[in-house]
Amino acid sequence: MLIVAALGGNALLRRGEPMTGENQRANIRAAAAVLAQLVQAGHRLVVTHGNGPQVGLLALQAAATPDAPFPLDVLDAESAGMVGYVLQQELDNALPGHLVTTLLTQVRVDPQDPAFRQPTKPIGPVYDRAEAERLAAARGWTVAPDTDRWRRVVASPAPLEILEAPVLKLLLAQGVIPICVGGGGIPVVALPQGGLTGVEAVIDKDLASGLLARQLGADMLLMLTDVAAVYRDFGTPQARPLAAVAADALSPADFPAGSMGPKVRAAVDFVRATGGRAGIGRLEDAAAIVAGTAGTRISASGG
């Protein structure tokens with residue numbers, strides 16, 4: 001199968017873990033070992049990844065400089081290169097004889113997307129509520145709850161087109177494993193006079209990965225994170241994991257907008273558009289999710 005595997009930012013730099021190069025390297029090495037199993041099983045692979053912790057850290061560093069900080073689209077590109085470099089190197093180490101490359105990926109969005117007026121995408125470290133509200137007041141941030149802590153949230157417009165999809169098709173035809181759509185890709189808009197320009201936003205990595213999977217004609221969209229499955233009534237005593245489920249039985253609106261909601265939406269949209277399969281679960285369960293024995297598996301029939 002051709003699998004688009006989307007690595008969550010929190011699977012690469014775990015929630016609450018110090019944001020150090022050493023921790024990121026160790027987590028990416030573990031992720032590369034898991035992804036290598038899919039390639040060794042004969043699957044073709046496209047790797048995408050989140051950047052929430054990383055781009056948030058870069059934004060904090062940029063804001064600490066006396067000069068004007070770089071805009072978010074540039075930081076998106078920087079984080080894609082930062083994570084992509086280490087991921088490419090660790091995949092090279094885990095898969096000798098295979099070709100791996102990182103491609104900076106532009107993603108077209110609508111400049112009138114209502115998401116620009118209602119930020120929902122968490123980035124950066126977690127804070128307690130008092131600290132988050134203090135930082136919001138001092139820096140002009142929007143903050144929101146993220147499980148039991150708080151984080152900065154930014155605009156997350158819907159992806160409309162992966163502009164480098166034709167390049168990715170060429171790479172796949174040559175047997176290359178591409179790492180792309182880092183952090184959801186670099187958000188750009190079309191200018192009225194022609195050409196493109198970046199915009200201040202972070203695109204949801206799962207929605208962009210789902211769009212990419214559709215554009216590439218993938219067989220499976222695999223979203224790997226730090227939770228075992230999609231849960232009904234998550235955070236309540238009635239919470240229960242979903243195993244095999246039909247796309248038509250899921251409503252993205254029933255899940256949190258800043259976390260599991262986009263994963264469910266990406267899965268449902270991909271399955272409905274292609275008839276393929278989608279899976280959501282823990283990074284370490286990737287092979288089992290593909291085999292149908294772990295995580296949440298979404299298909300047209302639910303079988």
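None of these values were measured; they are calculated from a predicted model.
Under the 3.5 Å distance criterion, the side-chain polar atoms of H43 are matched with a main-chain donor or acceptor of M1. Judged by distance alone, the side chain of D128 and the main-chain N or O of E131 form a donor-acceptor pair under 3.5 Å. T105 contributes a side-chain N or O that, together with a main-chain N or O of L103, makes up a donor-acceptor pair within less than 3.5 Å. Between the side chain of R108 and the main chain of E161, no donor-acceptor pair closer than 3.5 Å is present. D113 places a side-chain N or O within donor-acceptor distance of the main-chain N or O of A158, the cut-off being under 3.5 Å. With S156 contributing its side chain and K121 its backbone, the two residues share no donor-acceptor pair below 3.5 Å.
When side chains are defined from C-beta on, L196 counts as touching L163, because their heavy atoms get closer than 4.5 Å. Between Q238 and R232, the closest side-chain pair of non-hydrogen atoms is not below 4.5 Å. Within the 4.5 Å cutoff, no side-chain heavy atoms of L91 are placed close to those of Q88. Residues M260 and I280 form a side-chain contact, since some pair of their non-hydrogen atoms from C-beta on lies under 4.5 Å apart.
Separating the CG atom in L211 from the CG atom in L160 is a distance of 8.0 Å, to the nearest 0.5 Å. Atom CD of E284 and atom CG of L224 lie 9.5 Å apart (nearest 0.5 Å). Of the inter-residue distances, the one linking L283 atom CG with L222 atom CG reads 9.0 Å to the nearest 0.5 angstrom. Distance check: L95 CG to Q37 CD gives 10.5 Å after rounding to the nearest 0.5 Å. Interatomic distance, E22 CD to N27 CG, rounded to the nearest 0.5 Å: 12.0 Å. How far CZ of R282 is from OG1 of T225: 11.0 Å, rounded to the nearest 0.5 Å.
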Verdict with supporting geometry, F116 and V199, side-chain contact (heavy atoms from CB on, under 4.5 Å) | CA-CA 10 Å; F116 286 108; V199 289; 4.1 Å; yes
Legend entry - side-chain contact (heavy atoms from CB on, under 4.5 Å) assessment of L7 paired with K205: CA-CA 9 Å; L7 302 175; K205 168 263 308 172; over 6 Å; no
- Task: Report the C-alpha distance between V143 and L135 in whole Å, list the side-chain angles of each, state the deciding distance to 0.1 Å, and finish with yes or no for side-chain contact (heavy atoms from CB on, under 4.5 Å).
- Result: CA-CA 9 Å; V143 296; L135 289 168; 5.9 Å; no
Determine, step by step, whether L2 and V46 satisfy the side-chain contact (heavy atoms from CB on, under 4.5 Å) criterion, reporting the C-alpha distance in whole Å, the side-chain angles of both residues, the deciding distance to 0.1 Å, and the verdict. CA-CA 8 Å; L2 173 58; V46 177; 4.1 Å; yes
Name every donor-acceptor pair, under 3.5 Å, that has one atom in a side chain of residues 264-276 and the other anywhere in the protein, sequence neighbours excluded.
residue: R272; atom: NE; partner: D248; partner atom: OD1; Å: 3.1
residue: R272; atom: NH2; partner: D248; partner atom: OD1; Å: 3.2
residue: T274; atom: OG1; partner: F270; partner atom: O; Å: 2.7
residue: T274; atom: OG1; partner: G276; partner atom: N; Å: 2.9

Identify all side-chain donor-acceptor contacts of residues 164-185 below 3.5 Å with residues at least two apart in sequence or on another chain.
residue: E164; atom: OE1; partner: Q106; partner atom: N; Å: 2.6
residue: E164; atom: OE2; partner: Q106; partner atom: NE2; Å: 3.1
residue: K169; atom: NZ; partner: Q215; partner atom: O; Å: 3.3

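Cluster membership for V39 and V86, using ILVMFWY side-chain heavy atoms within less than 4.5 angstrom, is shared. Both L221 and L242 belong to a single network of hydrophobic side chains, linked directly or stepwise wherever heavy atoms of I, L, V, M, F, W or Y lie under 4.5 Å apart. Hydrophobic clustering (ILVMFWY, side-chain heavy atoms < 4.5 Å, transitive): L207 and I3 are in distinct clusters. L75 and I186 are not part of a single hydrophobic cluster, where members link through side-chain heavy atoms under 4.5 Å apart. V154 and V74 fall within a single hydrophobic cluster, where Ile, Leu, Val, Met, Phe, Trp and Tyr are joined by side-chain heavy atoms under 4.5 Å apart, directly or via other members.
Across Y231 and F255, no two heavy atoms sit closer than the pair O-CE2, 3.4 Å. Shown here for A249 and V245, the closest heavy-atom pair between the two residues is CB-CG2, 4.0 Å. Shortest non-hydrogen contact noted between S299 and R277 is CB-CG, 4.4 Å. The two residues T48 and S209 come nearest to each other via the heavy atoms OG1-OG, 2.7 Å. Of all the heavy atoms in Q24 and V83, the pair that sits closest is OE1-CG2, 3.9 Å. Considering all non-hydrogen atoms of both residues, P159 and V107 come closest at CB-CG1, 3.5 Å.
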